[in-house]
Amino acid sequence: MITLIGIAIWGGQLSPGPTKLILGRLHLGLGVIVLALSMVRAAIRLSGPKLSGIGIAARSVHTGLYLLLFAIPATGLVTTIRSNGIYILLNLSGGEAYNPLLAEDTANLHIILAYTMVIALIGHIGAAFWHQFILRDGTMAKMMR
């Protein structure tokens, strides 16, 4: 996820050209991989035993993280399709010219969700460290099982 954000920021600073196109293709490809892996992870999680002994806060945070794992790549894909960028990124002929203004709303949502994920991950890691080093309640050991 951090790599995807870095690629997006770097590509966003560039003028149109081959480097920006390569970064766009890389960002799209990695985003699709994140979406596929998220689906696999969710299927494993849903088919496994139910988590016991976790509070409503932990359950809510995990649900939110899973929702973000699906929403971020989905809004990215919708943005690419709506802006006609799919033709350029996949090197297809036909279609209208790339127009990022056609998908400005979903692009903004994609960016907001990505930064929300960064904040959520920082909070999640902080909570894990809190449990491990302050509360010393064995939460990280439970996570590793």
Side-chain angles (χ1 to χ4, degrees), residues 1-14 19-96 98-145:
M1 297 290 291
I2 293 169
T3 302
L4 283 166
I5 292 171
I7 290 169
I9 291 171
W10 181 21
Q13 305 300 316
L14 298 174
T19 303
K20 187 172 185 123
L21 180 61
I22 289 168
L23 290 175
R25 287 179 176 157
L26 181 60
H27 186 82
L28 176 64
L30 291 174
V32 170
I33 290 170
V34 166
L35 182 59
L37 290 174
S38 298
M39 287 194 258
V40 170
R41 176 67 183 117
I44 291 168
R45 182 73 209 97
L46 291 172
S47 66
K50 300 293 181 212
L51 295 177
S52 62
I54 67 169
I56 192 160
R59 197 172 305 278
S60 299
V61 168
H62 289 132
T63 300
L65 288 171
Y66 276 105
L67 290 174
L68 285 168
L69 280 172
F70 286 106
I72 294 168
T75 56
L77 195 55
V78 169
T79 298
T80 302
I81 292 167
R82 287 184 64 208
S83 66
N84 298 322
I86 198 78
Y87 294 99
I88 295 167
L89 291 173
L90 297 181
N91 202 22
L92 300 172
S93 59
E96 299 175 26
Y98 172 69
N99 184 352
L101 296 178
L102 293 174
E104 190 172 8
D105 53 350
T106 53
N108 289 335
L109 179 59
H110 181 67
I111 292 166
I112 290 167
L113 292 173
Y115 283 116
T116 301
M117 175 62 97
V118 170
I119 293 166
L121 285 175
I122 290 168
H124 191 254
I125 292 166
F129 285 155
W130 173 264
H131 280 274
Q132 179 68 22
F133 299 114
I134 306 298
L135 299 179
R136 298 179 187 268
D137 61 2
T139 296
M140 286 184 71
K142 291 177 199 173
M143 289 169 35
M144 300 301 174
R145 289 187 220 157

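When side chains are defined from C-beta on, Leu30 does not count as touching Val34, because their heavy atoms never get closer than 4.5 Å.
Expressed to the nearest 0.5 Å, how far CD1 of Ile9 lies from CG of Leu23 amounts to 12.0 Å. Taking CD1 from Ile7 and CG from Leu26, the interatomic distance works out to 4.0 Å, rounded to the nearest 0.5 Å. Here Thr19 contributes atom OG1 and Trp10 contributes atom CH2; the two are 7.0 Å apart, rounded to the nearest 0.5 Å. To the nearest 0.5 angstrom, Asp105 atom CG is 7.5 Å from Thr79 atom OG1. Separating the OG1 atom in Thr63 from the CG atom in Leu68 is a distance of 11.0 Å, to the nearest 0.5 Å. Rounding to the nearest 0.5 Å gives a distance of 11.0 Å between CG of Leu113 and CG of Leu69.
Other residues, nucleotides and ligands contribute only 12 or fewer heavy atoms inside 6.0 Å of the CD1 atom of Ile2.
When atom types are taken as modelled, the side chain of His110 and the backbone of Thr75 share no donor-acceptor pair closer than 3.5 angstrom. Distance alone, capped at 3.5 Å, is enough to place a donor-acceptor pair between the His62 side chain and the Ala58 backbone.
Summarising the geometry of Ala42 relative to Phe70, their closest heavy-atom pair is CB-CZ, 3.8 Å, with the distance given to 0.1 Å. A pairwise comparison of heavy atoms in Ala8 and His27 identifies CB-CE1, 3.7 Å as the closest pair. Scanning all heavy atoms of the two residues, the minimum distance from Leu4 to Gly31 falls at CD2-N, 3.8 Å. The shortest heavy-atom contact between Met117 and Ile72 is CB-CD1, 3.6 Å. Nearest heavy atoms, Ala103 versus Arg82: CB-CB, 3.6 Å.
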